[in-house]
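To start, the structure under review is shown below, and the notes come after it.
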Amino acid sequence: MLRRSKGVSVNIVFDLGNVLIFWDPKAAFRAQMGSDSEIDAFFDRVRFFDWNACQDAGRSRAEAIAAAPTDAAEMLNNYFDQFALTIAHKVPGTWDIITDLKKRGHTLFGLTNWAVETWPFARKSHPELSDVFEDIVVSGFEGVIKPQREIYDLLCARNDLVSGSCLLIDDSLKNVAGAQAAGWQGHHFTNAADLRADLTERGLL
């Protein structure tokens, strides 16, 4: 377990979606569809989460719509315009933890799988993102996505960090495992209370 000790710097790296900001993709479709079960069926039919992950890895909006099933292209194109609805709410408790970490003098970074075209919505809806992090690595701009090794190495190289000094907080077990394979420490996020307890045990809070 990574612990803070005298002379040792711990760089705490936060995922954003479902750690700091709830992501509810169904919110972009509720005005057009009658129920969440209808949206679920649509997501299954168009393989929405696989389709969306390609944008997180750098695919453009135009390329995404070209790759969509013909009868779903208009609906999926609308998703980009309605994206702000999907990130309207913060995850309770984690922003308080960030405040406490900042008070303790910790250096914080962001590492997120996020598309280029939708990233401005995050900045606008949650302007605090610009204030709390030394740097945010956004996958869509880099053309590489968690849990690929390259994105963890990129954050370290860009900020002159040693991999063993980094702790990733992420709601995806795959992404945590990817960080650990890159020499990082990891916390699988499920709720703010468990995160606070883990950070306290590590001597970071």
Side-chain angles (χ1 to χ4, degrees), residues 1-21 23 53-59 87 90-91 93-189 192 195-196 198-205:
M1 177 176 289
L2 184 66
R3 295 182 181 275
R4 190 184 194 194
S5 59
K6 189 174 181 179
V8 176
S9 174
V10 178
N11 301 292
I12 304 170
V13 184
F14 279 85
D15 177 34
L16 304 185
N18 294 324
V19 174
L20 294 175
I21 304 164
W23 179 52
C54 291
Q55 283 76 263
D56 289 350
R59 184 168 68 179
I87 56 165
K90 290 178 170 61
V91 176
T94 49
W95 288 92
D96 294 332
I97 289 173
I98 280 186
T99 297
D100 293 342
L101 288 169
K102 296 287 283 186
K103 287 179 179 177
R104 292 286 296 269
H106 294 296
T107 304
L108 308 182
F109 297 88
L111 178 59
T112 184
N113 288 349
W114 207 294
V116 170
E117 282 89 354
T118 57
W119 180 241
F121 290 106
R123 290 285 198 185
K124 183 176 181 180
S125 298
H126 304 279
E128 305 94 329
L129 293 171
S130 299
D131 300 326
V132 298
F133 296 116
E134 294 295 312
D135 183 26
I136 304 176
V137 171
V138 180
S139 64
F141 290 95
E142 307 302 334
V144 62
I145 193 171
K146 293 180 290 184
Q148 294 172 338
R149 169 71 181 256
E150 291 85 354
I151 199 165
Y152 306 101
D153 291 345
L154 186 153
L155 186 143
C156 288
R158 197 159 89 181
N159 294 283
D160 196 23
L161 306 179
V162 176
S163 60
S165 73
C166 296
L167 168 65
L168 177 68
I169 299 163
D170 200 300
D171 68 307
S172 165
L173 277 171
K174 289 193 303 182
N175 294 345
V176 171
Q180 291 169 334
W184 293 28
Q185 300 294 314
H187 171 91
H188 178 223
F189 180 83
L195 173 59
R196 182 176 288 278
D198 186 26
L199 293 174
T200 300
E201 184 179 353
R202 293 173 186 268
L204 299 174
L205 281 177

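Because only heavy atoms are used, hydrogens play no part in the values below, and waters and symmetry mates are left out as well, while side chains stay in.
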Please name the pair of heavy atoms, one in Ile136 and one in Arg158, separated by the smallest distance, quoted to 0.1 Å. O-NH2, 3.1 Å

Results of ring-ring contact (aromatic ring centres under 6.0 Å, His included) for Tyr152 - residues two or more places apart only: Trp184

Backbone N or O of Trp114 within a donor-acceptor pair of the Ser139 side chain at under 3.5 Å? yes

For the atom pair CG (Leu205) and OG1 (Thr200), what is the distance rounded to the nearest 0.5 Å? 5.0 Å

Sub-3.5 Å donor-acceptor pair from the side chain of Asp15 to the main-chain atoms of Thr112, do we have one? no

Expected output: side-chain Lys102 to main-chain Val132 donor-acceptor under 3.5 Å: yes

Restricting to side-chain hydrogen bond (donor to acceptor under 3.5 Å, both in side chains), what partner residues turn up for Asp170, sequence neighbours left out? Lys146, Asn175

Assess whether a salt bridge exists between Asp100 and Arg104, defined as any Lys/Arg side-chain N lying under 4.0 Å from an Asp/Glu carboxylate O. no

Minimum heavy-atom distance Gln148-Val144, with the two atoms named: OE1-CG2, 2.9 Å

Would you please test Phe109 and Val137 for side-chain contact (heavy atoms from CB on, under 4.5 Å) and show each step? CA-CA 8 Å; Phe109 297 88; Val137 171; over 6 Å; no

Nearest heavy-atom pair of Ser163 and Ala182: which atoms, and what distance? CB-O, 3.4 Å

For the pair Ile151 and Ile145, evaluate side-chain contact (heavy atoms from CB on, under 4.5 Å) and give the outcome as yes or no after the intermediate values. CA-CA 6 Å; Ile151 199 165; Ile145 193 171; 5.6 Å; no

Atom CD in Glu142, atom CG in Asp56: separation rounded to 0.5 Å? 13.0 Å

Ile97 and side-chain contact (heavy atoms from CB on, under 4.5 Å): which single residue from Leu195, Ile169, Leu204 fits? Leu195

At their closest point, which heavy atom of Thr107 faces which heavy atom of Glu134, and how far apart are they? CG2-CG, 3.3 Å

Of the non-hydrogen atoms in Pro147 and Lys174, which two are nearest, and what is the gap between them? CB-O, 3.3 Å

If you measure from CD1 on Ile21 to CD1 on Ile87, what distance do you get to the nearest 0.5 Å? 5.5 Å

Determine the minimum heavy-atom distance between Gly186 and Gln180, stating which atoms define it. N-NE2, 4.2 Å

N/O donor-acceptor pair under 3.5 Å between Asp171 side chain and Val19 backbone: no

Might you work through the side-chain contact (heavy atoms from CB on, under 4.5 Å) test for Leu20 and Glu128, ending with a clear yes or no? CA-CA 11 Å; Leu20 294 175; Glu128 305 94 329; over 6 Å; no

side-chain contact (heavy atoms from CB on, under 4.5 Å) between Leu199 and His187: does it pass, once the steps are laid out? CA-CA 9 Å; Leu199 293 174; His187 171 91; over 6 Å; no

CG of Leu129 to CH2 of Trp119: how many Å apart, nearest 0.5 Å? 5.5 Å

From CG (Asp135) to CG (Asn159), nearest 0.5 Å: 4.5 Å

So, taking the atom named CG in Asp153 and the one named CG in Leu161, what distance separates them when rounded to the nearest 0.5 Å? 11.5 Å

Could you check if a side-chain atom of Ile98 sits within less than 4.5 angstrom of a side-chain atom of Phe133, using non-hydrogen atoms only? yes

